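These notes concern the structure reproduced below.
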Amino acid sequence: VEVKIEVVIPEKERSKEEMSPNGKASPLIYKVNGTARHYHLEEHPIASNPYHNPKDVVEASVCHVKDLENGQMREVDLGCGKALLIKESGEFHAVGHKCPHYGAPLVKGILSKGRVRCPWHGACFNISTGDIEDFPSLDSLPRFQVKIEKEKVYIRASKQALQTQRRTKMMAKCISLSNYNLSSTNVLIIGAGAAGLVCAETLRQEGFSDRIVMCTMDRHLPYDRPKLSKSMDSHPEQIALRPKEFFCTYDIEVLTEMQVVAMDVKSKIAVFKDGFKMEYNKLLIATGNTPKTLSCKGKEIENVFNIRTPEDANRVVKLATSKNVVIVGASFLGMEVAAYLAERAHSVSLVELEHVPFKKFFGERVGRAVMKMFENNRVKFYMQTEVSELREQEGKLKEVVLKSGKVLRADVCVVGVGAVPATGFLKQSGINIDSKGFIVVNKMMQTNIPGVFAAGDAVTFPLALRNNKKVNVPHWQMAHMHGRIAALNMLAHGTEISTVPYLWTAMFGKSIRYAGHGEGFDDVVIQGDLDELKFVAFYTKSDEVVAVASMNYDPIVSKVAEVLAAGRTIRKRDVDAVVFLSFRTGDMSWLTGKGS
């Protein structure tokens, strides 16, 4: 038996490329306020052969059809690139072998019910189409056709697809921007982070061809914000989520350095700081958070930073090199900045009110293990205290005075003491805001105002994993999914959010991965060795596992995320009795059993 793989356009995508008799793309029809409008997908010529350039095609022998059992994956090398060959339910599938997000090898990920989940950051891809089903990747995987002939296995694929290992889903374009009033748009997106960008992209992917405007206080196009603390010397163009040409190609307008200061939801008008007003039909609010600042004496002194932009991060690295750094707050941002600067600065001191970093999130035992890792890398902790004063010399920071009486030498201070939702401009709008300032939305990311949606760090939403409890989940992956759900429901799809929260942090070349929502956990069951930083921690509430974290134990977090996404329950007794054996043998099939 032979297996051949060749690149093809999935049925869903191919149907979008079918031409009408006049040679133009067949229009989609979308109703706005009861009025039918016609939207045209971007035109692509149809060819009988998907390989437009024969020189771009490669064919190579891979394996025997019996070499793979059901539920197995294998990387196959074609000489000029690799593909991921999958067998599930007796059928073969082939897609790109790397996650388009950060390049994780998907062969080390989790295969479950028609999709593969990335072992690093949890992105999910459909094995039949390559389409992304959960984030944080923006792009899908290239999909290759599998053919079975005789007893040999061949792959026939586009060299370009093998090399890029990513596929951007087809998108619509705006019919005619020249016909629009500059002060009017169909969709207005306030905020250009992950939620805002994914919302705009999803609208285009679904065939929406009316005007889309994104506005942001930032001076840059959307960028990979987690890298501000994980890779601080990255320049804006290096961490851009999409190049400038992308926004031009798909007619997604981005207004930079534009702040919305008031909303009139009755008239559907956004008022900007400079007095400019814009009418909209549908609105997404994805403004994220605003970092908290210090309230002590001297907080306005030069060289005290909240890291909010690439310029902030770059400036901190430059000023910190071979100098004394004080970081206030053992938050994710504070700890990642401390780890990044430890090898560059003369000294790094970290001030925290709690007695252990990450205690509320990871628990005391994991927090202590992480703290020890930092101390072994020359980071000095000052716990259970806070800053009382910042002192200057010639206008620049010189010392940080703690309430304990300790005085720390400091040339640079980075503040990471948390954030508040950036929703102050909505206070008089009529949009429902809770006591902490978060926008309240339902499972479809809708606010209490028709046509107004909200997404990302600034919202609370019903989390299916925790019996629809209203929660705030300020994770990069979750912001992506919020944006997608909001876009689908702007188009009246009626789609509810059901994703499992997934996050990661990187420090000293090691990553902690985390899935679930552990708020209010009452016990932590740990397997592995905390001293060796090779462990998995299960966070339980009563008898149920509500979250999991691991270091150097991939792909267990992605595995548990897949189980939770399937609606299954992991009991505390499973962790105590079975996990150790599962890790020893590599067999985690118990996690995918029926029921709980």
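Please read all numbers here as calculations on a predicted model, not as lab measurements. Side chains included, hydrogens not; waters and symmetry mates left out as well; all remaining heavy atoms used. Along the sequence shown, the residues carry numbers beginning at 1.
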Return all side-chain donor-acceptor pairs below 3.5 angstrom for residues 285-306, not counting sequence neighbours, or 'none' if the list is empty.
from   : atom 1 : to     : atom 2 : distance (Å)
Thr287 : OG1    : Ala422 : O      : 2.8
Asn306 : ND2    : Lys292 : O      : 3.0
Asn306 : ND2    : Val415 : O      : 3.4

Mind checking what makes salt bridge (Lys or Arg N to Asp or Glu O under 4.0 Å) contact with Lys230, not counting sequence neighbours? Glu336
Using the test side-chain contact (heavy atoms from CB on, under 4.5 Å), find all partners of Asp218 that sit at least two apart in sequence or belong to another chain. Thr216, His220, Tyr223, Arg225, Thr309
With sequence neighbours excluded, residues passing side chain to side chain donor-acceptor pair (under 3.5 Å) with Thr256: none
Partner set under side chain to side chain donor-acceptor pair (under 3.5 Å) for Asp233, not counting sequence neighbours: Tyr340
Does the pair Arg315/Glu311 count as a salt bridge with the N-to-O cut at 4.0 Å? no
Could I get the full list of side chain to side chain donor-acceptor pair (under 3.5 Å) partners for Ser267, not counting sequence neighbours? Asp264
If the condition is salt bridge (Lys or Arg N to Asp or Glu O under 4.0 Å), which residues does Lys396 pass it with, not counting sequence neighbours? none
Applying ring pair (Phe, Tyr, Trp, His ring centres under 6.0 Å), can you list everything that pairs with Phe508, at least two apart in sequence or on another chain? Phe374
State which residues pass salt bridge (Lys or Arg N to Asp or Glu O under 4.0 Å) with Lys403; sequence neighbours excluded, sorted by chain then number. Glu386
Residues two or more places apart in sequence or in another chain: which of them pass side-chain contact (heavy atoms from CB on, under 4.5 Å) with Ser347? Asn324
Partners meeting salt bridge (Lys or Arg N to Asp or Glu O under 4.0 Å) with Arg344 (sequence neighbours left out): none
Excluding sequence neighbours, so at least two apart, what forms side chain to side chain donor-acceptor pair (under 3.5 Å) with Thr423? none
